[in-house]
Amino acid sequence: MTRDNVTLLSFISFLLFSGLYNVEGELIQWRPCPYPNAATASNCTIHEVYVDPCEDAASGKPCNFKRGISANMTFHYTPSFSSESIQGGIYWTIDSIDIPILSVRSNPCSLTTCPLEAGQKNIYHLETTVRRYPLREYDLKWRIWNDQQEECCFIYQITITR
């Protein structure tokens, strides 16, 4: 290997492992899911949420998705509950009504570590294609839960365009 190749390989490694090149996407703004009873405690801590593509993330604007593109969505979380299995879904939420927009596979454990252990930080990653949903801005609610209705839940905004 030549000296130039070693220098190039070292530079690429530096970019990948230094955080200058984020393979997860752009860090986006999100908000916790509201619960009807304000005293209801969250069963999960959401640390960060990444979406790719999301060029407007730094300015706090919704992620702009064009129909037909592939999108990657990743979140880091720590559940306060343990569970052998989980279910998951992404919903368009409007006026406290959740409309299923994307089923998160029949086995969400293929997208995160299972079984879930209380207090253990996890990463959940999903890659999907943006389908022919109506062109508009959406509040997306992302949920994973167990049979005891303990859940991790957050909301973020996207806009679907042509």
Side-chain angles (χ1 to χ4, degrees), residues 12-65 69-131 137-159:
I12 291 170
S13 297
F14 170 76
L15 287 176
L16 289 174
F17 296 109
S18 69
L20 293 176
Y21 177 75
N22 186 349
V23 295
E24 293 183 310
E26 300 297 323
L27 183 63
I28 65 164
Q29 294 181 7
W30 57 274
R31 63 187 189 274
C33 291
Y35 294 97
N37 180 350
T40 301
S42 174
N43 300 116
C44 192
T45 299
I46 306 295
H47 301 286
E48 48 288 303
V49 178
Y50 297 92
V51 176
D52 179 40
C54 191
E55 295 83 21
D56 293 328
S59 62
K61 294 180 182 174
C63 297
N64 188 26
F65 291 161
I69 67 159
S70 289
N72 289 288
M73 296 171 271
T74 304
F75 69 96
H76 297 234
Y77 68 102
T78 302
S80 59
F81 59 93
S82 296
S83 185
E84 290 295 318
S85 64
I86 56 173
Q87 299 173 47
I90 298 177
Y91 305 87
W92 170 30
T93 185
I94 185 168
D95 298 329
S96 300
I97 297 171
D98 294 342
I99 301 166
I101 195 167
L102 181 66
S103 173
V104 183
R105 296 190 187 174
S106 58
N107 180 13
C109 288
S110 67
L111 305 172
T112 192
T113 302
C114 285
L116 293 182
E117 292 185 33
Q120 184 173 351
K121 189 172 182 179
N122 288 307
I123 298 172
Y124 197 108
H125 176 78
L126 172 70
E127 182 175 346
T128 189
T129 300
V130 178
R131 305 276 181 224
E137 189 172 292
Y138 292 88
D139 279 346
L140 292 187
K141 180 187 280 188
W142 193 336
R143 293 180 60 224
I144 59 173
W145 68 94
N146 64 13
D147 291 338
Q148 292 75 40
Q149 298 305 309
E150 297 167 306
E151 71 175 9
C152 295
C153 183
F154 63 92
I155 297 171
Y156 64 98
Q157 291 184 320
I158 68 164
T159 301

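FYI, side chains are in, hydrogens and waters are out, and symmetry mates aren't considered; it's all heavy atoms of this structure.
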Gamma sulfurs of Cys44 and Cys153 within less than 2.5 Å: no
Value rounded to 0.5 Å, distance of CD1 in Ile28 from CG in Asp52: 11.5 Å
Side-chain donor-acceptor distances from residues 81-88 under 3.5 Å, at least two apart:
from, atom 1, to, atom 2, distance (Å)
Ser82, OG, Ala118, N, 3.0
Ser83, OG, Ser85, O, 2.6
Gln87, NE2, Asp147, OD1, 3.4

Any residue meeting side-chain hydrogen bond (donor to acceptor under 3.5 Å, both in side chains) with Asn43, in chain and number order, not counting sequence neighbours: none
Test side-chain hydrogen bond (donor to acceptor under 3.5 Å, both in side chains) applied to Glu151 - qualifying residues, sequence neighbours left out: Tyr35, Arg143
Ring pair (Phe, Tyr, Trp, His ring centres under 6.0 Å) against His125, all qualifying residues, sequence neighbours excluded: none
Results of side-chain hydrogen bond (donor to acceptor under 3.5 Å, both in side chains) for Thr78 - residues two or more places apart only: His47
Nearest-0.5 Å distance, SG of residue Cys54 to CG of residue Asn72: 12.0 Å
Chi angles and distances behind the side-chain contact (heavy atoms from CB on, under 4.5 Å) call for Leu126, Ile90: CA-CA 11 Å; Leu126 172 70; Ile90 298 177; 3.7 Å; yes
Between OG1 on residue Thr45 and CZ on residue Phe154, distance to nearest 0.5 Å: 13.0 Å
Residues which pass side-chain hydrogen bond (donor to acceptor under 3.5 Å, both in side chains) with Gln149, listed by chain and number, not counting sequence neighbours: none
Pair Phe75 and Trp30, ring centroids less than 6.0 Å apart: no
Partner set under side chain to side chain contact (heavy atoms under 4.5 Å, CB included) for Thr159, not counting sequence neighbours: Pro62, Asn64, Glu137, Thr161
Student check: side-chain heavy atoms of Val51 and Ile158 closer than 4.5 Å: no
Check: Thr93 side chain, Leu140 main-chain N or O, donor-acceptor pair, under 3.5 Å: no
Sequence neighbours excluded - salt bridge (Lys or Arg N to Asp or Glu O under 4.0 Å) pairs with any residue from residues 90-101: Asp98-Lys141
For the student: nearest non-hydrogen atoms of Tyr124 and Pro108, plus distance: OH-CB, 3.2 Å
Residues which pass side chain to side chain contact (heavy atoms under 4.5 Å, CB included) with Ser59, listed by chain and number, not counting sequence neighbours: Asp56, Lys61
Non-hydrogen side-chain atoms of His76 and Lys121 separated by less than 4.5 Å: yes
Side-chain heavy atoms of Asp139 within contact of Arg31, under 4.5 Å: yes
Shortest non-hydrogen separation from Pro34 to Ile155 and the atoms involved: CD-CD1, 3.7 Å
Side chain to side chain contact (heavy atoms under 4.5 Å, CB included) partners of Ile69, counting only residues at least two apart: Pro53, Phe65, Lys66, Val130
Non-hydrogen side-chain atoms of Tyr50 and Leu27 separated by less than 4.5 Å: yes
pair Glu150-Pro79: side-chain heavy atoms closer than 4.5 Å: no
With Trp92 via ring pair (Phe, Tyr, Trp, His ring centres under 6.0 Å) - residues at least two apart: Tyr138
